[in-house]
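Chain naming here is simple, since letters A, B, ... match the order of the sequence lines and numbering starts at 1 in each.
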Amino acid sequence: MPELPEVETIAVGLRRRAVGLRIDEIRLLWPKLLRGAAADLRRLRGKRILDIRRRGKMLLVSCEGDLHLLFHLKMTGQFHWTERAVPTDKHTRLRIAFRGGGPELRFRDVRKFGVLRILATPRPLEAAPLRALGPEPLAVSGPEIARLLARRKGRLKSLLLNQAFLAGIGNIYADEILHAAGLHPLRTSSSLTTSEARRLASSVAKILNAAVEAGGSSIRDYKDADGVDGSFQSRHRVYGRKGEPCLRCGAPVERRVIGGRSSFFCPKCQK
DNA sequence: GCCACTGTTAGCAT
DNA sequence: CATGCTAACAGTGG
């Protein structure tokens, strides 16, 4: 479930290790991973990786020649480094080998929801899938978030999950943010007082910063690109804690489906 | 063995 | 603009 903190952790780890490497060969083991022409993949051969960064939940690998690999990890996508000679397992969807030998970078994705696009443009952030994203929650000020909130309506839970509102928040962090803000997931943005909007904005930054610092949350099978678990799962205060006491007021945490997504919240201290 | 559930997003209907 | 449903997929747990 890579959300912003997990993708950020992966991006930092990959950047450290992959920038400067020259791509030798990209092999697509699961053709449907790539949206677009397979011929585009071959254009990457011989290109050097210049930068790797995150935007929302997407990972952008920028190479020479204004060519970019744009990954969305969806539910179960993960990267890892492996010696070329090691056989791939059945969930490996892509392998990228580099000039000069050394380990190759592999993309695994058990549920095959992951998506890869090739962007050929000097300004990838303005290209189709990235253009539609809202601002980065950690790059935008509290008052700005409050202002964005005032322009929207609808339930807070759905709004936080809306990537066009803020980019990168998923189900886990949406629930944790709302709990930290003491706001009920069914509250609407138009019902917020100024101080509630401010509380929500600061909770967005507080939770996401803490999660990035902890290397993300490793529930199920998330690991970063170096195979390391995150630790933020031990600090979840509502997510996955149905029936357990709220860590603020002691009332049992409730689970309810909101907008088709399981939502955990404290019915007593989230108003 | 069956079914519910898992979390993300596109696409479609309302 | 908002919401709700489904499909895409595979594994886990009851």
Side-chain angles (χ1 to χ4, degrees), chain A residues 1-11 28-36 54-60 70-79 88-94 107-117 127-134 136-137 147-178 184-192 207-208 211 216-223 230 232-233 236 238-243 253-265:
Chain A
M1 37 267 36
E3 305 180 26
L4 184 153
E6 291 78 27
V7 182
E8 178 67 22
T9 304
I10 292 168
L28 191 55
L29 280 56
W30 173 253
K32 285 173 75 178
L33 169 67
L34 178 67
R35 305 300 154 85
R54 176 196 62 75
R55 172 78 172 99
K57 299 173 191 170
M58 299 191 215
L59 188 85
L60 185 67
L70 181 66
F71 288 92
H72 196 306
L73 279 50
K74 294 287 179 92
M75 308 281 304
T76 54
Q78 50 185 215
F79 288 94
T88 55
D89 74 356
K90 61 190 262 204
H91 300 307
T92 302
R93 311 300 177 197
L94 182 90
F107 179 71
R108 269 184 100 241
D109 183 20
V110 171
R111 289 180 67 179
K112 298 176 172 171
F113 285 0
V115 172
L116 169 63
R117 287 187 171 81
L130 292 173
R131 192 180 45 205
L133 296 178
E136 281 295 321
R147 211 171 57 78
L148 291 170
L149 272 169
R151 275 202 242 140
R152 295 276 180 162
K153 46 183 189 173
R155 301 160 169 171
L156 294 180
K157 175 65 188 271
S158 305
L159 195 53
L160 288 175
L161 292 179
N162 183 350
Q163 303 298 297
F165 172 61
L166 288 175
I169 300 170
N171 205 36
I172 296 171
Y173 296 108
D175 283 1
E176 294 299 322
I177 287 165
L178 288 171
H184 197 287
L186 289 176
R187 281 286 293 280
T188 59
S189 54
S190 55
S191 79
L192 296 183
I207 295 292
L208 294 178
S217 302
S218 287
I219 62 168
R220 298 200 164 71
D221 52 4
Y222 166 73
K223 284 179 187 307
F232 195 71
Q233 65 281 2
H236 291 172
V238 279
Y239 184 82
R241 297 190 61 245
K242 178 187 176 184
V253 171
E254 196 171 308
R255 175 188 182 275
R256 207 190 299 182
V257 174
I258 299 173
R261 314 296 303 281
S262 71
S263 299
F264 299 88
F265 61 95

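Proximity of R93(A) to the phosphate of dC9(C): no side-chain N or O atom is located under 4.0 Å from OP1 or OP2. Distances shown here put every side-chain N or O of K112(A) at or beyond 4.0 Å from the OP1 or OP2 atom of dA8(C).
Rounded to an integer number of Å, the gap from R255(A) CZ to dA4(B) P is 13 Å. Per the geometry, NZ belonging to K242(A) stands 9 Å off P belonging to dC5(B), to the nearest Å. Rounded to an integer number of Å, the gap from I258(A) CD1 to dC5(C) C1' is 17 Å. The separation between D89(A) atom CG and dA10(C) atom P is 13 Å, rounded to whole Å. If you take NZ of K157(A) and C1' of dA2(C), they are 17 Å apart, rounded to a whole angstrom. The NZ atom of K32(A) sits 14 Å away from the P atom of dA7(C) (whole-angstrom rounding). Separating the CZ atom of F264(A) from the C1' atom of dC5(B) is a distance of 11 Å, rounded to the nearest angstrom.
R35(A) comes within contact range of no nucleotide atom at all, as no heavy-atom separation falls under 4.0 Å. As judged by a 4.0 angstrom heavy-atom cut-off over every strand, S262(A) is placed among residues touching the sugar-phosphate backbone only.
Comparing dA4(B) with dC5(C), their P atoms sit 16 Å apart, to the nearest whole Å. For the P atoms, the distance from dC9(C) to dG1(B) is 24 Å, rounded to whole Å.
Note: S190(A) OG to K153(A) NZ = 8.0 Å, rounded to the nearest 0.5 Å.
In this structure, R131(A) contributes its side chain and L133(A) its backbone to no donor-acceptor pair below 3.5 Å. Under a 3.5 Å cut-off, the side chain of E176(A) and the backbone N or O of V238(A) do form a donor-acceptor pair. In terms of modelled atom types and a separation under 3.5 Å, the side chain of R152(A) and the main chain of A150(A) share no donor-acceptor contact.
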Which pairs of donor and acceptor atoms, one on a side chain in residues 163-170 of chain A, lie under 3.5 Å apart (sequence neighbours left out)?
unit_1: Q163(A); atom_1: OE1; unit_2: G168(A); atom_2: N; d: 2.8
unit_1: Q163(A); atom_1: NE2; unit_2: L161(A); atom_2: O; d: 3.1
unit_1: Q163(A); atom_1: NE2; unit_2: I169(A); atom_2: O; d: 2.9

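Taking both residues in full, the closest heavy atoms of N171(A) and E3(A) are given as N-OE2, 3.4 Å, listed atom of the first, atom of the second, then distance.
Inter-residue side-chain proximity for F79(A) and L59(A) is flagged as met; some heavy-atom pair is nearer than 4.5 Å. The side-chain heavy atoms of L186(A) and R256(A), taken from C-beta on, include a pair separated by under 4.5 Å. For the pair D109(A) and K74(A), the minimum side-chain heavy-atom distance is 4.5 Å or more. Residues E6(A) and F232(A) form no side-chain contact, since every pair of their non-hydrogen atoms from C-beta on lies 4.5 Å or further apart.
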- prompt: What string of B, S and - do you get for nucleotides 8-14 of chain B 5' to 3' if you count protein non-hydrogen atoms under 4.0 Å?
  reply: BS-----
query: Given pairs defined as Watson-Crick or G-U wobble with both distances under 3.5 Å, what dot-bracket annotation applies to DNA chain B, with ( ) intrastrand, [ ] crossing, | other strand and . unpaired?
result: .|||||.|||||||
Using nucleotides 11-14 of chain C, report all nitrogen or oxygen pairs with the protein that are shorter than 3.5 Å.
unit_1: dG11(C); atom_1: OP1; unit_2: K90(A); atom_2: NZ; d: 3.4
unit_1: dG11(C); atom_1: OP1; unit_2: H91(A); atom_2: NE2; d: 3.1

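Take H184(A) and apply the ring-ring contact (aromatic ring centres under 6.0 Å, His included) test, not counting sequence neighbours, and it matches F265(A). Residues satisfying the side-chain hydrogen bond (donor to acceptor under 3.5 Å, both in side chains) test with T9(A), not counting sequence neighbours, are none.
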